[in-house]
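Residues take their numbers from the sequence shown, with the count starting at 1.
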Amino acid sequence: MRCMFCGCEDSKVIDSRPNEDGTSIRRRRECVNCGKRFTTFETIEMLPFWVIKRDGSRQLFEKAKIKNGIIRACEKRHVSMAQIDEIVNNIEKQLYNSLEQEIPSQRIGDMVMDKLKAVDEVAYIRFAAVYREFKDSATFFEEMSKIFNNKAEYEKKIK
């Protein structure tokens, strides 16, 4: 591992431990040339997969795009970054576990909407408005009606 201070390619590991969620290993290193210490992280290399867009084009999956879309939908809502990260990580894990090399963007969008619906209905509607390309207020009202009907059915089951 190259030292970030002097560029020397030789360093020794002083301490090594897994991170909190067990997805990477944190290594504390010391440069043998300048003696300065720095931290590196070792993670599993994930095989990339392609997202098939609505127009048929393909692009590499980017976790940050999902996160940015969710952040925009949750703006000024009581949804923490920890909840957003959990949603994004769950979706990413599901996608990698599917073992598919190409995944339609519609499936990813549906997964995001399912997760958002459970966390915050307003964020869900915001995301759905962009994802489903609501054309007018009637489409918006139709989606809101689905939420109200589902909520009413759920409350009947509880009572």
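No chain of hydrophobic side-chain contacts below 4.5 Å, direct or via other Ile, Leu, Val, Met, Phe, Trp or Tyr residues, connects Ile25 to Met1. No chain of hydrophobic side-chain contacts below 4.5 Å, direct or via other Ile, Leu, Val, Met, Phe, Trp or Tyr residues, connects Leu99 to Ile103. Tyr96 and Val88 end up in the same hydrophobic cluster when Ile, Leu, Val, Met, Phe, Trp and Tyr side chains are linked at under 4.5 Å. Hydrophobic cluster membership differs between Ile108 and Leu60, with clusters built from Ile, Leu, Val, Met, Phe, Trp and Tyr side chains linked at under 4.5 angstrom. Taken together through direct or relayed side-chain contacts under 4.5 Å among Ile, Leu, Val, Met, Phe, Trp and Tyr, Ile125 and Ile84 form part of one hydrophobic cluster.
Put simply, OG1 on Thr40 and CE on Met4 are 11.5 Å apart, with the number rounded to the nearest 0.5 Å. Residue Asn89 holds its CG atom at 4.0 Å from NZ of Lys63, rounded to the nearest 0.5 Å. The CZ atom of Phe38 sits 9.5 Å away from the CD atom of Glu30 when rounded to the nearest 0.5 Å. Atom CZ of Arg29 sits about 8.5 Å away from atom OG of Ser16, to the nearest 0.5 Å. Of the inter-residue distances, the one linking Lys93 atom NZ with Glu86 atom CD reads 9.0 Å to the nearest 0.5 angstrom. A distance of 10.0 Å separates CD in Glu92 from CG in Asn97, rounded to the nearest 0.5 Å.
The aromatic rings of Phe49 and Phe61 sit parallel, their planes meeting at an angle under 30°, below the 60° perpendicular limit.
More than 12 non-hydrogen atoms from other residues, nucleotides or ligands lie less than 6.0 angstrom from CD of Glu102. Sparse packing is recorded around CZ of Arg17, with 12 or fewer heavy atoms of other residues, nucleotides or ligands lying under 6.0 Å away. At most 12 heavy atoms of other shown residues, nucleotides or ligands fall within 6.0 angstrom of atom CZ in Arg2. Shown here is Gln106, whose CD atom has more than 12 heavy atoms of other residues, nucleotides or ligands within 6.0 Å. The 12-atom threshold is not exceeded at CD1 of Ile44, counting heavy atoms of other residues, nucleotides or ligands nearer than 6.0 Å.
Residues Trp50 and Gln101 have side chains not in contact (no heavy-atom distance under 4.5 Å, counting atoms from C-beta outward). Residues Leu95 and Met111 have side chains in contact (heavy-atom distance under 4.5 Å, counting atoms from C-beta outward). Side-chain contact between Cys3 and Asn33 is absent, with no heavy-atom pair separated by less than 4.5 Å. Side-chain contact between Arg126 and Val122: present, with at least one pair of heavy atoms (C-beta onward) separated by less than 4.5 Å. Annotation: side chain of Ile87 is not in contact with side chain of Lys67 (no heavy-atom distance under 4.5 Å).
Of all heavy-atom pairs between Leu116 and Ala123, the closest is CD1-O, 3.9 Å. When every heavy atom of Gly109 is checked against every heavy atom of Phe127, the shortest pair comes out as O-CE2, 3.8 Å.
A donor-acceptor pair is defined here as one N or O able to donate and one able to accept, closer than 3.5 Å; such a pair exists between the side chain of Asn19 and the backbone of Thr23.
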Residues 71-78, side-chain donor-acceptor partners within the protein, below 3.5 Å, at least two apart:
| unit_1 | atom_1 | unit_2 | atom_2 | d |
| --- | --- | --- | --- | --- |
| Arg77 | NE | Asp120 | OD1 | 3.1 |
| Arg77 | NE | Asp120 | OD2 | 3.3 |
| Arg77 | NH2 | Asp120 | OD2 | 3.2 |

